[in-house]
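To keep things clear, I will list the structure first and then write my remarks on it.
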Amino acid sequence: DKSIEKFDLLNSINNYNIVFPIASSKPLNALIVKKIKERSSSNLIVASDSLVKNVFKNIEVDWDAVEKEKNPKTKQMMQPYLANLKKRGDELFQIKFGLVRLRRYLTNFIKFKDDTDARIFRAITGGNVLLVDDTIGEGTTLKETVKLIQKYNPNTLHAYMFIRDY
């Protein structure tokens, strides 16, 4: 409790949109996330890395939104990218946010399998992300999770480790 209280004083837990507990067989990580959730606003999302991977794999192009777009400049900018997707018949795609200049336009033309997927997507892209790990040894899992999340350009990405394991 004291450690989480100190963290909250330094980086207000309410500033985060989503929390990722790093997979652990130890119950301490679940307890840390529970305590963080108790101190946070009700809008904080807790998600696993496997849940996030599925969200980004199950995004579809919203062709109705493309047709309804009134701004010709936006439509013109998106046309080559969306046409390529349509030509391949590949509506299910994993977004590669290396196309940063297109990102803000692209998000207007996607749809999700369900509301949970949409909430997770919006919490990560441009949101504030907190990774939580009970112990850190070599940090391999943490590094992999950081790489996964960074691909989707969060506003901030912080990691909170409870104990250093040597």
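If you take CD1 on I149 and CZ on F20, they are separated by 3.5 Å, rounding to the nearest 0.5 Å. Separating the CD1 atom in I120 from the CZ atom in F112 is a distance of 10.0 Å, to the nearest 0.5 Å. Once rounded to the nearest 0.5 Å, the distance linking CG of D62 with CD1 of I110 reads 9.5 Å. Here N128 contributes atom CG and L44 contributes atom CG; the two are 11.0 Å apart, rounded to the nearest 0.5 Å. Here L130 contributes atom CG and Y160 contributes atom OH; the two are 9.0 Å apart, rounded to the nearest 0.5 Å. Atom CZ of F121 and atom NZ of K111 lie 15.0 Å apart (nearest 0.5 Å).
A donor-acceptor pair is defined here as one N or O able to donate and one able to accept, closer than 3.5 Å; no such pair exists between the side chain of K37 and the backbone of V46.
Counting heavy atoms from C-beta on, the side chains of I36 and V132 come closer than 4.5 Å.
Within the structure, salt bridge (charged side-chain N to carboxylate O under 4.0 Å, His left out) pairs that include any residue of residues 115-130 do not occur (at least two apart or interchain). Counting only residues at least two apart or in different chains, side-chain hydrogen bond (donor to acceptor under 3.5 Å, both in side chains) contacts with residues 9-20 comprise Y16-H158.
Partners of K143 under the side chain to side chain contact (heavy atoms under 4.5 Å, CB included) rule, at least two apart in sequence or in another chain, do not exist in this structure. For the salt bridge (charged side-chain N to carboxylate O under 4.0 Å, His left out) test, residues two or more places apart in sequence or in another chain that qualify with D8 are R39. Take Q150 and apply the side chain to side chain contact (heavy atoms under 4.5 Å, CB included) test, not counting sequence neighbours, and it matches V146, L157. Take N71 and apply the side chain to side chain contact (heavy atoms under 4.5 Å, CB included) test, not counting sequence neighbours, and it matches E69, K73, T74.
Heavy-atom neighbours of Q76 CD from other residues, nucleotides or ligands within 6.0 Å: at or below the threshold of 12.
What you find for F109 and A65 is that their closest heavy atoms are CE2-O, 3.6 Å. Between P21 and A47 the shortest heavy-atom distance is CD-O, 3.4 Å. Across every non-hydrogen atom of A123 and V129, the tightest pair is O-CG2, 4.4 Å.
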